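Inspection log for the structure reproduced underneath, given as structure tokens.
Here is how names work: the chains are called A, B, and so on, in the same order as the sequence lines, proteins then strands, and each is numbered from 1. This is a predicted model, so every value here is computed, not measured.
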Amino acid sequence: MDKFLSVNDVQNLDELVKIALEIKANPVAFGDVGKNKMLGLIFFNPSLRTRLSTQRAARHLGMDVMVMNIDKEGWKIETQDGVIMDGDKAEHLKDAAAVISQYCDIIGVRSFPNLQNKEDDYADAVMKDFVKYSHSPIVSLESATRHPLQSLADLVTIRENSDKPKKKVVLTWAPHPRALPQAVPNSFAEWMNAADDVELVITAPEGYDLDPEFAGDATFTNNQDEALKDADFVYAKNWSSTTEYGKVVCKDNSWEVTEEKMALTNNGKFMHCLPIRRNVVASDGVLDSENSLIIAEANNRTFAAAAVLKTILENK
Amino acid sequence: MDKFLSVNDVQNLDELVKIALEIKANPVAFGDVGKNKMLGLIFFNPSLRTRLSTQRAARHLGMDVMVMNIDKEGWKIETQDGVIMDGDKAEHLKDAAAVISQYCDIIGVRSFPNLQNKEDDYADAVMKDFVKYSHSPIVSLESATRHPLQSLADLVTIRENSDKPKKKVVLTWAPHPRALPQAVPNSFAEWMNAADDVELVITAPEGYDLDPEFAGDATFTNNQDEALKDADFVYAKNWSSTTEYGKVVCKDNSWEVTEEKMALTNNGKFMHCLPIRRNVVASDGVLDSENSLIIAEANNRTFAAAAVLKTILENK
Amino acid sequence: MDKFLSVNDVQNLDELVKIALEIKANPVAFGDVGKNKMLGLIFFNPSLRTRLSTQRAARHLGMDVMVMNIDKEGWKIETQDGVIMDGDKAEHLKDAAAVISQYCDIIGVRSFPNLQNKEDDYADAVMKDFVKYSHSPIVSLESATRHPLQSLADLVTIRENSDKPKKKVVLTWAPHPRALPQAVPNSFAEWMNAADDVELVITAPEGYDLDPEFAGDATFTNNQDEALKDADFVYAKNWSSTTEYGKVVCKDNSWEVTEEKMALTNNGKFMHCLPIRRNVVASDGVLDSENSLIIAEANNRTFAAAAVLKTILENK
């Protein structure tokens, strides 16, 4: 694996999940794989889980880490080619990426969308330019369109919690006061579609269909109750509108995942990538129930990241 | 020791001081105790000494460290239970604490008081919720009410500098232009009361009595000169009023610790936790004198923290 | 070497360059030199290359690193002696430096000029006070007047790219929308003058002469074309006026280094310390040409820093 931006970069998905579970069972099993290697984590946007879990993952492999919140610690970065840089941007991404990559054996990059213009966001310029100009492999820590480390951790969590040959997994939109990126649901859909043991159903209000590139052949319905029926896993997440791009179109609180909603499922497990607005996206009752996997899922972020770093370091 | 929030968490105070001095004498003596372990340092408020000394302490034990200034790098955290989180807070403390604790073997937390409402501050909710929801032991890096790593370093410093069986230690209030927390004096008093070789005298203007929970049986007087008489150690610190909670009530500069004041003591040593406002809290003459322990005291922060981490890692 | 603030602190310049190239050839060659040692990096101003390259350099030597952006993570620092600290500054530099130095075996410090008053800036008070009050050696990560780690990396880069016994190196002023420090050109001139294989020519508009302390015996001309003739290396950099101190006096875009300008040279290599404003300081054509060394030069920052740290750690 020479980069990790989406499930398409993964040669063997089942093997990657297996490695994550091996490292979880024995965190120091591959404690020398990253010896004398440096991971750079470059954040254009805030992070808690991703940063800390990826740092820990690197250390499990004996790999060093440098973290830079480039939005706060650095200066503004130019991404357009050929411009006369006499404005407020002090460095071009092509130079920053090339330079940083010389100090690091792998670079993790987080860059969120602006939610102003879908075409711009979906071009995923920051992530792609890092790949283009970096001398070292790039790992997405969440781009404008995808969050693959989260999705891998989600798949690990699903497999840990069910050995059914075909699990019904429901991705349900949920309310939120602010306009959020589509990266997590896009990526989750893409990964679930790639897993042969998952039947994916997506439910969201009108105006919230995911892009077909990500939704693939998943069943889509505006009827949340129907979708939840017999679900083995319920994956809740808010995202902003896709038709009125980046806007909050639906404020219907009946989409909140409550205990009544969970009762429709097949004793389904509840998942969310966190951070979560309690009693907005899902109720305390759901989040604190025995069927809630939110904390276990966050734990698996470490082992997902470790599996990715190991696979890249070994160039497999 | 399964947490370190106050002197009450310490099983054997003399032993803890002894370990700190052992590590000071030979910083790599226990260099494998923390191998493959991770310390997370979570700051809701700024830090210099505490952060750097605790990082160094962990490394002396071979322990890795991740630092997060959650107030600047993260998002706002909800602490109230059961609320509908549709405001400006993106994550609940119960989730954040549980998640972070899975990435760390020990978590250090700093959270200052708001100085608006004594009852709220003295409930020490952030620290207590971290203890409640974390899967790993919690070390206070200064809470709303206490600063135990500072107090341990202070006791180490006092014992290093005097072997008198009973040392007269005077905690004196001193002026300051801003309203400061009561955590350092509370904690200092609590620790001095727990040490069998210290006779504690507290002196402060009216309106600045420490809470009896911390002041204990210490002698209290509004007469600074009387208090300083025959003192072996003078510990200066400003704190905001306890009667008009969180306010600057006294602006009397005669409380500044000067060379004239120090002349009343038994050739007493001067201590302060730093940072210090020079020529406000104490004069340059005092701070730069041979009897000033301020720099040595800051150095002991490293060994105090190392002793605490070692004791927790060994679950003693 | 007991500190690294300027070329004057270097005992043997050729040896230092040689060590940098040795570490570049084999980054783990001296992987135990820094074992159990701690490097503190204290930034009063932002950094990307310096921070990351110096962190990596330390790790190549097995040395640990703590980074503090004291301007963002800490509080305001007083530098004047004897003042009554009742304003907005919470700690005196003399205390901060002494304290931090106890947690670190070497301290790196970055502190930029204010560009308001030349005398104040050129006193380089922050850097000098750190040297005065620190118990550990100080490495400049760029002061108000010099950037020696950059200059060492520049010399390493020049020697790597030419074995001519006397290389013509041209330091040329270039346009920039904002007022920048003089530290990089000062330092570059000082180091080039100290190298016996370099003939330095400096070219800049009127009002931009470098201080004789740094320019030394270098040829100076206001005629950029004449200066560039037969150059082996062109080092472009903007700096603010020296006569109207800290001001942008010249906005003449004809000083931009373009392909036409480079054609005047002896197939000269192009250098810049980065970050660079593309198509303002130099054109895309120059920066992306085969003769551009900007990325390789940034890479050498790691090995320059490692050579300095190694030399200090070994007290040579």
With rounding to the nearest 0.5 angstrom, report the [atom1] to [atom2] distance, [X] to [Y].
| X | Y | atom1 | atom2 | result |
| --- | --- | --- | --- | --- |
| A:R277 | B:I84 | CZ | CD1 | 12.5 Å |
| B:H92 | A:L274 | NE2 | CG | 13.0 Å |
| B:M68 | A:L52 | CE | CG | 5.5 Å |
| B:D95 | A:I294 | CG | CD1 | 4.5 Å |
| B:M66 | A:S53 | CE | OG | 8.0 Å |
| A:L48 | B:I77 | CG | CD1 | 7.0 Å |

Are B:M38 and A:R59 side-chain neighbours, meaning at least one heavy-atom pair lies under 4.5 Å? yes
Do B:K94 and A:D288 come within less than 4.5 Å of each other through their side chains, counting heavy atoms only? yes
Least distance between heavy atoms, [X] atom then [Y] atom:
| X | Y | answer |
| --- | --- | --- |
| A:R49 | B:V99 | CG-CG1, 3.5 Å |
| A:R56 | B:N36 | NH2-O, 3.2 Å |
| B:G82 | A:D284 | CA-OD2, 3.3 Å |
| A:P275 | B:A90 | CB-O, 3.4 Å |

Heavy atoms from other residues, nucleotides or ligands near NZ of A:K24 exceed 12 (cutoff 6.0 Å): yes
Could you please state which residues from residues 301-313 of chain A sit under 4.5 angstrom from chain B, measuring non-hydrogen atom to non-hydrogen atom, sorted by number, or 'none'? A:R301, A:T302
Side chain / backbone / both / neither for [X] at chain B, heavy atoms under 4.5 Å:
| X | answer |
| --- | --- |
| A:S283 | neither |
| A:R51 | side chain |
| A:N69 | side chain |
| A:P46 | both |

B:K35, part contacting chain A, at a heavy-atom distance under 4.5 Å: neither
Under a 4.0 Å threshold between the charged nitrogen and the carboxylate oxygen, would B:D81 count as salt-bridged to A:R278? no
Only pairs of heavy atoms separated by less than 4.5 Å count here; which of B:G40, B:G87, B:G74, B:S101 has the most with chain A? B:G87
Between A:V281, A:V65, A:V280, A:V67, who has the most heavy-atom pairs with chain B when the cutoff is under 4.5 Å? A:V280
